[in-house]
Chemist: 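Attaching a single structure in structure tokens format; questions to follow.
Each chain gets a letter, A, B and so on, in the order the sequences are listed, and its residues count up from 1. Reckoned from all heavy atoms, side chains included, excluding hydrogens, waters and symmetry mates.
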2 protein chains.
Amino acid sequence: MDLPTTVSTRDFPVTEVTSSLERLTRLVLRLTTQGELSLTSAATLATLSRSGPSRLTDLAAHEGVTQPAMTQLVSRLQEAGLVARAGDPDDRRVVRVHITEAGEAALAARRRARADALTRLLGRLGEAERAALVAALPAIDSLTRLLSDERPATQHAL
Amino acid sequence: MDLPTTVSTRDFPVTEVTSSLERLTRLVLRLTTQGELSLTSAATLATLSRSGPSRLTDLAAHEGVTQPAMTQLVSRLQEAGLVARAGDPDDRRVVRVHITEAGEAALAARRRARADALTRLLGRLGEAERAALVAALPAIDSLTRLLSDERPATQHAL
DNA sequence: GGTAAATCCATAAGCAACTTATATCAGCGC
DNA sequence: GCGCTGATATAAGTTGCTTATGGATTTACC
């Protein structure tokens with residue numbers, strides 16, 4: 001497969017990218033909403049699994065939600081037995097949240113389910129499309145990074 | 001830039017694709033929630049603009065939400081003056097929803113804002129990344145199509 | 001070292017955007 | 001003209017956020 005060797009910002013199909021991204025977003029969203037872990041729940045569990053026990057405020061900042069939202073999310077996860085709260089002996093204001101074994105298991109199960117589903121789908125794409133997808137991953141991650149950097153400052157669409 | 005010439009399903013980095021897609025989804029979502037049109041609202045307006053007046057049930061099916069959800073969404077959009085309801089003279093059970101001029105304007109404004117924001121972001125990617133993104137668009141659209149085809153049948157993750 | 005300010009978390013109230021279950025009303029077959 | 005189906009509406013409940021505020025504890029300043 002060949003790519004255009006240069007794609008300037010001028011002739012970039014901005015509208016197409018936007019609508020493709022939105023369609024994809026809505027699908028991922030709808031598929032996620034089927035009674036399993038929400039996107040934010042899963043992301044929070046993943047963060048806890050990767051970074052270890054964290055304070056509520058840090059989690060909220062990391063996942064891009066307000067602190068009350070994270071308090072509620074942690075409460076829900078705690079009720080489900082997926083995380084636990086513990087006081088910090090050094091600073092008794094802070095709550096340290098850590099993932100439980102059940103939480104790790106739920107995270108692993110979710111990852112497995114998603115990987116399976118995606119693998120099945122990918123099998124139905126052509127070679128070229130798979131390759132294109134892999135090649136675009138760095139760009140997608142760059143976009144994500146740019147977006148999350150810009151977000152707090154200027155509130156802009158997309 | 002060179003791509004791997006073959007990427008089999010076996011060695012495809014499924015986990016990376018999944019997490020990249022989810023990060024991107026959460027960002028698009030959060031950026032969308034800032035008081036403008038919701039994703040579904042915008043999609044509905046776009047459908048109305050493209051396909052003309054439609055019945056509620058058809059709209060609901062097209063956007064993948066339940067009929068009551070669409071009734072409520074249309075009511076909200078109507079209150080905002082972006083759509084209007086009209087009875088069908090031939091079949092007085094049906095309501096035909098059509099977009100208003102204000103609706104078209106809102107849709108255009110949203111598109112412009114998103115295109116601008118995206119253009120700005122894309123300017124900060126490298127040439128290679130932009131090219132990779134363009135090249136991946138067909139694959140992303142194929143994925144979207146596969147997902148929306150499969151969804152009603154098997155309720156699966158991602 | 002005692003009060004003021006700042007920081008961390010929780011609670012309250014409200015909202016958006018869904019869901020399921022049910023009601024209403026129009027058309028249609030027999 | 002009765003009953004079924006089909007199109008929409010209404011009701012009630014849920015999830016996952018939001019802003020505003022309060023209580024507890026640490027930090028900083030005089």
Chemist: For R26(A) and dA17(C), give me the distance from atom CZ to atom P, rounded to whole Å.
Modeler: 13 Å
Chemist: Nearest whole angstrom, please: distance from the P of dC17(D) to the CG of L73(A).
Modeler: 7 Å
Chemist: With R111(A), which residues qualify under salt bridge (Lys or Arg N to Asp or Glu O under 4.0 Å), at least two apart?
Modeler: none
Chemist: Could you check how far CG of D88(B) sits from P of dC25(C), rounded to whole Å?
Modeler: 19 Å
Chemist: What residues, two or more places apart in sequence or in another chain, satisfy salt bridge (Lys or Arg N to Asp or Glu O under 4.0 Å) together with R55(B)?
Modeler: none
Chemist: Spell out protein contact along nucleotides 1-15 of chain D as letters: B when the base is contacted, S when just the sugar-phosphate is, - when no protein heavy atom is under 4.0 Å; keep the 5' to 3' order.
Modeler: -----BSBBB-----
Chemist: Please list, chain by chain and in numerical order, all residues satisfying side-chain contact (heavy atoms from CB on, under 4.5 Å) with A115(B), sequence neighbours excluded.
Modeler: V14(A)
Chemist: Could you pull out all donor-acceptor pairs under 3.5 Å where a side-chain atom in residues 86-95 of chain A meets a protein atom, sequence neighbours excluded?
Modeler:
unit_1: D88(A); atom_1: OD1; unit_2: D90(A); atom_2: N; d: 2.7
unit_1: D88(A); atom_1: OD1; unit_2: D91(A); atom_2: N; d: 3.4
unit_1: D91(A); atom_1: OD1; unit_2: R93(A); atom_2: N; d: 3.0
unit_1: D91(A); atom_1: OD1; unit_2: R93(A); atom_2: NE; d: 3.1
unit_1: D91(A); atom_1: OD2; unit_2: R93(A); atom_2: NH2; d: 2.8

Chemist: Quick one: on DNA chain D, does T40(A) or R92(A) contact a more 5' nucleotide (nearest heavy atom)?
Modeler: T40(A)
Chemist: Taking CG from L39(B) and C1' from dA16(C), how many angstroms apart are they, rounded to a whole number?
Modeler: 14 Å
Chemist: Go through the structure and list residues passing side-chain contact (heavy atoms from CB on, under 4.5 Å) with L143(A), not counting sequence neighbours.
Modeler: L121(B), L125(B), L133(B)
Chemist: Grab the CD-P distance between E63(A) and dC17(D) for me, whole Å please.
Modeler: 10 Å
Chemist: Using atom CD of E79(A) as one end and atom C1' of dG16(D) as the other, report the distance to the nearest whole Å.
Modeler: 15 Å
Chemist: For the pair S75(B) (side chain) and T71(B) (backbone), establish whether a donor and an acceptor sit closer than 3.5 Å, ignoring hydrogens and angles.
Modeler: yes
